[in-house]
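The residues of the chain are indexed from 1 along the displayed sequence.
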Amino acid sequence: MMPATGLHPAEDQRGRVHGFPLWPAVAAVDHEASTPILEAALDWLAANLRWFDPAQWDRFLPARQFPEGAALELLVLCRVLCRGRWRDHPLVDGATGLARTLVEAAAFHDALGRADDKFTYRAYLVALLADLGFPIPSAAQRVRTVLETGCGGRDGAWHPPLSRLELRYALELGRFPHTLPPMDELVGATIAAAEPDPIWLRDDEVYALTHVVFYATDFAARPLRTAPALVATMRTLLGTYLAAGDMDLAGELMLCLLAVTQDDSAITAHGWQTLTRRRLADGAVPGPLFDPIRLSGLSGPVAEAYTFGTCHHTTMVAAMAAAERERHRAR
């Protein structure tokens with residue numbers, strides 16, 4: 001038996017140690033294999049666009065602390081799509097139209113002025129719209145006023161490193177003035193620089209790790225110098241979540257690995273095959289809370305709401321990963 005090295009067990013221990021599943025050798029997935037996943041995912045999201053509206057969401061689904069959160073996540077996907085051949089997909093036009101309506105509302109402007117703990121996400125939504133070609137000057141001015149007055153202390157050094165990194169990313173995207181430290185300095189204070197042990201990471205800590213990589217690389221658009229141990233950790237985590245059937249974190253890790261490595265490894269290729277197998281017939285990718293047995297007992301808009309609520313985020317993540325994979329391979 002070979003000894004373990006660093007934080008990772010020897011290869012012959014995979015499948016025998018909790019958290020390190022045994023996966024088979026997988027042939028590389030060719031470029032065309034990701035296209036049906038992406039097309040089907042975008043068509044499903046476009047067909048379910050109305051559910052991204054907080055007014056529709058709140059009719060059937062648990063209220064979100066940041067009501068515009070689903071729309072924000074959708075614009076993140078649209079921004080990734082606009083880097084490649086999908087910029088004219090109907091989803092982009094529909095998503096930006098919905099987001100403009102939300103941001104132009106007086107209630108959104110009032111919330112921006114409160115500079116509460118959701119200020120970063122509101123500023124991020126304003127920045128995304130402007131980056132996509134739909135600036136909302138009054139909302140942008142509200143963001144600048146908060147920053148200039150220091151209201152809420154949103155850029156304070158006492159906030160967690162990930163929160164400051166997230167705020168810097170949003171403000172730079174929107175070209176808002178700020179005094180936050182450089183990106184490299186903020187990344188160096190996060191979980192990504194702490195040599196995390198993949199055996200002991202909780203789900204929320206893995207989400208924190210993936211989001212550090214998202215912001216540092218602008219969702220796989222720019223390079224990030226990454227320690228080999230972190231790449232190995234993310235590959236191990238990907239294997240773990242694929243084995244557990246959690247395609248939400250698996251999808252985020254696949255996008256992260258695409259951002260920091262140039263080629264597919266055996267585990268990412270296995271990830272694409274698993275994603276293809278697990279997606280639903282209508283193109284949605286089920287999240288970890290999706291239960292087909294529970295869905296079978298629902299009907300009408302309740303069934304639609306359940307499917308959307310448990311699948312929309314995972315489907316968007318899969319679409320982002322597939323779109324970036326396609327774009328990287330086309331370069």
Do Phe52 and Phe308 have ring centroids that are under 6.0 Å from one another?
yes
Minimum side-chain heavy-atom gap Glu252-Tyr207 below 4.5 Å
yes
Kindly give the heavy-atom pair with the smallest separation between Cys256 and Met234, and that separation in Å.
CB-SD, 3.8 Å
Trp44 vs Leu280 side-chain heavy atoms within contact, under 4.5 Å
no
Following the transitive rule for hydrophobic clusters with a side-chain heavy-atom cut-off under 4.5 Å over Ile, Leu, Val, Met, Phe, Trp and Tyr, establish whether Leu295 and Val302 coincide in one cluster.
yes
Rounded to the nearest 0.5 Å, what separation is found between the NE2 atom of His211 and the CD1 atom of Ile191?
13.0 Å
So, Thr314 side chain and Cys311 main chain: donor-acceptor pair closer than 3.5 Å or not?
no
Using modelled atom types only, decide if a donor and an acceptor are shared between the side chain of His159 and the backbone of Gly153 within a distance under 3.5 Å.
yes
Spell out, yes or no, whether Leu289 and Leu45 are grouped together once hydrophobic residues are joined by side-chain heavy atoms under 4.5 Å, including indirect joins.
no
Heavy-atom check, side chain of Asp155 versus side chain of Arg164, under 4.5 Å:
no
Do you know the tightest heavy-atom contact between Met254 and Gly271?
CE-C, 3.7 Å
Are Thr268 and Leu238 side-chain neighbours, meaning at least one heavy-atom pair lies under 4.5 Å?
yes
Electrostatic pair Lys118-Glu68, nearest N-O below 4.0 angstrom:
no
Report yes if the side chains of Leu42 and Leu81 come closer than 4.5 Å at any heavy-atom pair, otherwise no.
yes
Keeping the roles fixed (side chain from Arg79, backbone from Leu132), state whether a donor-acceptor pair exists under 3.5 Å.
no
Tell me whether Arg64 is salt-bridged to Glu73, with the criterion being a basic N under 4.0 Å from an acidic carboxylate O.
yes
Examine distances only and state if a side-chain atom of Asp246 and a backbone atom of Leu249 form a donor-acceptor pair shorter than 3.5 Å.
yes
Indicate the atoms forming the closest heavy-atom contact of Met316 with Leu74, along with that distance.
SD-CA, 3.6 Å
Can you list the steps and then say if Trp86 with Leu91 is a side-chain contact (heavy atoms from CB on, under 4.5 Å)?
CA-CA 9 Å; Trp86 301 95; Leu91 177 65; over 6 Å; no
Which is it for Arg50 and Glu304 under the salt bridge (Lys or Arg N to Asp or Glu O under 4.0 Å) test, yes or no, and what are the steps along the way?
CA-CA 11 Å; Arg50 68 190 184 283; Glu304 292 180 29; 2.2 Å; yes
Suppose we screen for side-chain contact (heavy atoms from CB on, under 4.5 Å). Which residues come up paired with Arg144, at least two apart in sequence or across chains?
Ala140, Gln141, Glu148, Phe176, Pro177
Give me the atom names and distance for the closest heavy-atom approach of Trp57 to Ala70.
CZ3-CB, 4.3 Å
Hey, does Pro54 have a side-chain heavy atom less than 4.5 Å from the side chain of Leu102?
yes
Would you compute the distance between atom CD of Glu104 and atom CD1 of Ile136 and round it to the nearest 0.5 angstrom?
4.0 Å
Sequence neighbours left out, what passes side-chain contact (heavy atoms from CB on, under 4.5 Å) with Thr274? Give chain and number order.
Leu242, Met247, His270, Arg277, Arg278
Please answer whether the main-chain N or O of Tyr124 pairs with a side-chain N or O of Tyr169 as donor and acceptor at a distance below 3.5 Å.
no
How far apart are the closest heavy atoms of Ala127 and Ala170, and which atoms are they?
CB-O, 3.5 Å
Which atom pair, heavy atoms only, marks the closest approach of Thr96 to Asp93?
OG1-O, 3.1 Å
How about Tyr241 and Val206: do any of their side-chain heavy atoms sit closer than 4.5 Å?
yes
To the nearest 0.5 angstrom, please state how far the OG1 atom of Thr233 sits from the CG atom of Asp197.
7.5 Å
Counting only N and O atoms by type, is there a donor-acceptor contact under 3.5 Å from the side chain of Thr315 to the main-chain atoms of Val285?
yes
Between Leu173 and Asp218, is any pair of side-chain heavy atoms under 4.5 Å apart?
no
Ignoring hydrogens and angles, write down the donor-acceptor pairs under 3.5 Å from the side chains of residues 107-114, residues two or more places apart or on other chains.
unit_1, atom_1, unit_2, atom_2, d
His109, ND1, Val103, O, 3.1
His109, ND1, Ala105, O, 3.1
His109, NE2, Ser138, OG, 2.7
His109, NE2, Ala139, N, 3.4

